[in-house]
Amino acid sequence: MLVTELRDQPAYVLSPAVLVAGASLVFSQDLDDAYIATPFDPKVDYLQEEIIRTLRRVPAGDEIGFEFSQSPDIVGHLARDVIPLNLLHPANYFHFLIEGLPSLLFLIQNDLVSANALLVTGLLHPNMALALTYVTQRAPLPILQLRTMQAASCDRVLLAPPSWHATERLDGSVSDSTYDAPKIQLAREAFKPLWADPATTSPLKLFIRRVSGQRMLSNAAEAERMAISAGYQVIDPGGLSIGDQIRLFSSASHIIGPTGAWAANLLFARDDAKVTVLYPQTCATETNTWKALGEACGIEVEEVYCPVTLLRERQPIHSDFMVPSEQLAARLRA
């Protein structure tokens, strides 16, 4: 199949079409064509579907084509307007909360969601389901959840460009992150009624524990001891409910942690919060993910690039790293 980039519209209607769990692309009914609502150059960029191995690239004459790594299982047809959400990275908090949900709110705000619309998502984590229920409570939408590589054919798909975009490149680098700030602010406002009340809540200092198999903070134990000594509370957002995450981050005066999906919680951080994100040096770009998200939220984010301790050659941005104690101590004192 060939991938066509859709350009310069706030939303697109594709009819008929197929949606596949494990892909943000919208596919033609015969699966010979695919459409993407973000900038994409196959000579420079990977598709995210390649990174997670839903698709692989193949020669297509003078062009670069793609094919499914395994055939999608089309489980049914949807004779209604369908809005894709959370299909590419179903379990990832950032991709749901920052990349997908604000664009859904944009469609709702602009009256682009018809009365017979239905959401098609990957399997929703309870936190995602609660967040979705909250922001759509005035106009609830029916939801079809698909397992990875399940698919649905649709009469019409309404596709809005995501509110975040970056690509991993063939040379191992990553592009600058770009955000649709008005969409991010729309989501920020939607959750504000759930924020902690500063009049009744003491400010917190949060140090984030990263639990993952990549981009690991090699001296995490030392860093956490230093943070606790400086009056920080160590938290693992992945083990908390969405309500607790909103309460903690909206109460925080200081937030420090290694790069990870937890930083989607900047959506709930107050304008005057002091935020520091730690990265491996291999993540350095002119405009990085969390600094750009902070700008879209109206929050200043400091970025600290640290020595790599385990280089992952295929995807250097996912390398492990350590934060020098003197650098961390300076931030903890701020």
Side-chain angles (χ1 to χ4, degrees), residues 1-6 11-42 45-61 63-96 99-101 103-104 107 113-114 116-125 128-129 132 141-162 164-168 170 314-315:
M1 75 184 70
L2 296 178
V3 175
T4 299
E5 178 188 329
L6 303 174
Y12 306 89
V13 175
L14 300 164
S15 178
V18 173
L19 297 176
V20 179
S24 63
L25 304 173
V26 178
F27 300 92
S28 62
Q29 199 166 27
D30 57 12
L31 302 180
D32 285 342
D33 294 285
Y35 302 91
I36 188 170
T38 55
F40 174 64
D41 180 351
D45 304 316
Y46 282 113
L47 284 171
Q48 279 298 300
E49 287 81 358
E50 290 181 88
I51 301 297
I52 65 172
R53 295 183 171 85
T54 301
L55 296 177
R56 55 177 173 250
R57 58 180 59 206
V58 294
E63 300 181 273
I64 297 172
F66 298 86
E67 64 183 14
F68 284 102
S69 299
Q70 66 180 84
S71 298
D73 176 18
I74 298 180
V75 297
H77 179 77
L78 302 171
R80 57 198 305 165
D81 293 346
V82 178
I83 302 169
L85 176 71
N86 196 43
L87 283 169
L88 179 63
H89 297 288
N92 189 284
Y93 187 65
F94 167 78
H95 289 286
F96 172 78
E99 186 178 18
L101 195 60
S103 291
L104 173 62
L107 293 175
V113 178
S114 68
N116 77 331
L118 174 144
L119 291 177
V120 172
T121 79
L123 297 181
L124 291 170
H125 184 281
M128 299 176 190
L132 182 57
L141 293 166
I143 302 169
L144 172 65
Q145 298 185 54
L146 298 177
R147 297 183 182 277
T148 300
M149 296 314 297
Q150 286 185 330
S153 61
C154 315
D155 276 359
R156 299 201 327 160
V157 168
L158 178 60
L159 179 66
W164 167 82
H165 173 66
T167 59
E168 295 184 43
L170 303 183
R314 180 173 180 268
Q315 294 177 282

Got a sec, which residues hit salt bridge (Lys or Arg N to Asp or Glu O under 4.0 Å) with Glu49, two or more places apart in sequence or on another chain? none
Could you list the residues that satisfy salt bridge (Lys or Arg N to Asp or Glu O under 4.0 Å) with Arg56, not counting sequence neighbours?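 Arg56: salt bridge (Lys or Arg N to Asp or Glu O under 4.0 Å) contacts with Glu67.
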What is the minimum heavy-atom distance between [X] and [Y], and which atoms define it?
{"X": "Gly65", "Y": "Leu2", "result": "CA-CD2, 4.1 Å"}
{"X": "Leu78", "Y": "Ala152", "result": "CD1-CB, 3.9 Å"}
{"X": "Leu88", "Y": "Gly22", "result": "CD1-O, 3.8 Å"}
{"X": "Ser114", "Y": "Asp81", "result": "OG-OD2, 2.7 Å"}
{"X": "Phe96", "Y": "Leu85", "result": "CE1-CD2, 4.1 Å"}
{"X": "Val20", "Y": "Ala151", "result": "CG2-CB, 3.8 Å"}

[atom1] of [X] to [atom2] of [Y]: how many Å apart, nearest 0.5 Å?
{"X": "Ile74", "Y": "Phe27", "atom1": "CD1", "atom2": "CZ", "value": "10.5 Å"}
{"X": "Leu170", "Y": "Asp45", "atom1": "CG", "atom2": "CG", "value": "7.0 Å"}
{"X": "Thr148", "Y": "Leu123", "atom1": "OG1", "atom2": "CG", "value": "7.0 Å"}

Looking at side-chain heavy atoms only, is the closest gap between [X] and [Y] below 4.5 Å?
{"X": "Leu19", "Y": "Val26", "value": "yes"}
{"X": "Pro90", "Y": "Thr121", "value": "no"}
{"X": "Val82", "Y": "Arg156", "value": "no"}
{"X": "Asn92", "Y": "Glu99", "value": "no"}
{"X": "Leu25", "Y": "Thr54", "value": "no"}

Would you tell me whether Gln48 and His89 have side-chain atoms, one donor and one acceptor, within less than 3.5 Å of each other? yes
Once side-chain hydrogen bond (donor to acceptor under 3.5 Å, both in side chains) is applied, do any residues pair with Arg57, and if so which ones, sequence neighbours excluded?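 So Arg57 forms a side-chain hydrogen bond (donor to acceptor under 3.5 Å, both in side chains) with Glu50.
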Set of side-chain hydrogen bond (donor to acceptor under 3.5 Å, both in side chains) partners for His125, sequence neighbours left out: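 His125 satisfies side-chain hydrogen bond (donor to acceptor under 3.5 Å, both in side chains) with no other residue.
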What is the ring orientation for Trp164 with Phe94, classed by angle as parallel under 30°, tilted 30 to 60°, or perpendicular over 60°? perpendicular
Would you call the rings of Phe40 and Phe66 parallel, tilted or perpendicular if under 30° counts as parallel and over 60° as perpendicular? tilted
Decide yes or no on side-chain contact (heavy atoms from CB on, under 4.5 Å) for Leu132 and Leu104, but give the supporting numbers first. CA-CA 10 Å; Leu132 182 57; Leu104 173 62; 3.7 Å; yes
Is a side-chain donor or acceptor of Gln145 paired with a backbone partner of Leu124 at a separation under 3.5 angstrom? yes
Check: Ala60 main-chain N/O paired with Glu63 side-chain donor or acceptor under 3.5 Å: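 No; judged by distance alone, with no hydrogens or angles, the pair does not exist.
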For residues 68-78, the side chain to side chain donor-acceptor pair (under 3.5 Å) pairs (sequence neighbours left out) are His77-Ser153, His77-Asp155
Under 3.5 Å, which donor-acceptor pairs do the side chains of residues 30-39 form with other protein atoms, sequence neighbours left out?
{"residue": "Asp30", "atom": "OD1", "partner": "Ser28", "partner atom": "OG", "Å": "2.6"}
{"residue": "Asp30", "atom": "OD1", "partner": "Asp32", "partner atom": "N", "Å": "3.0"}

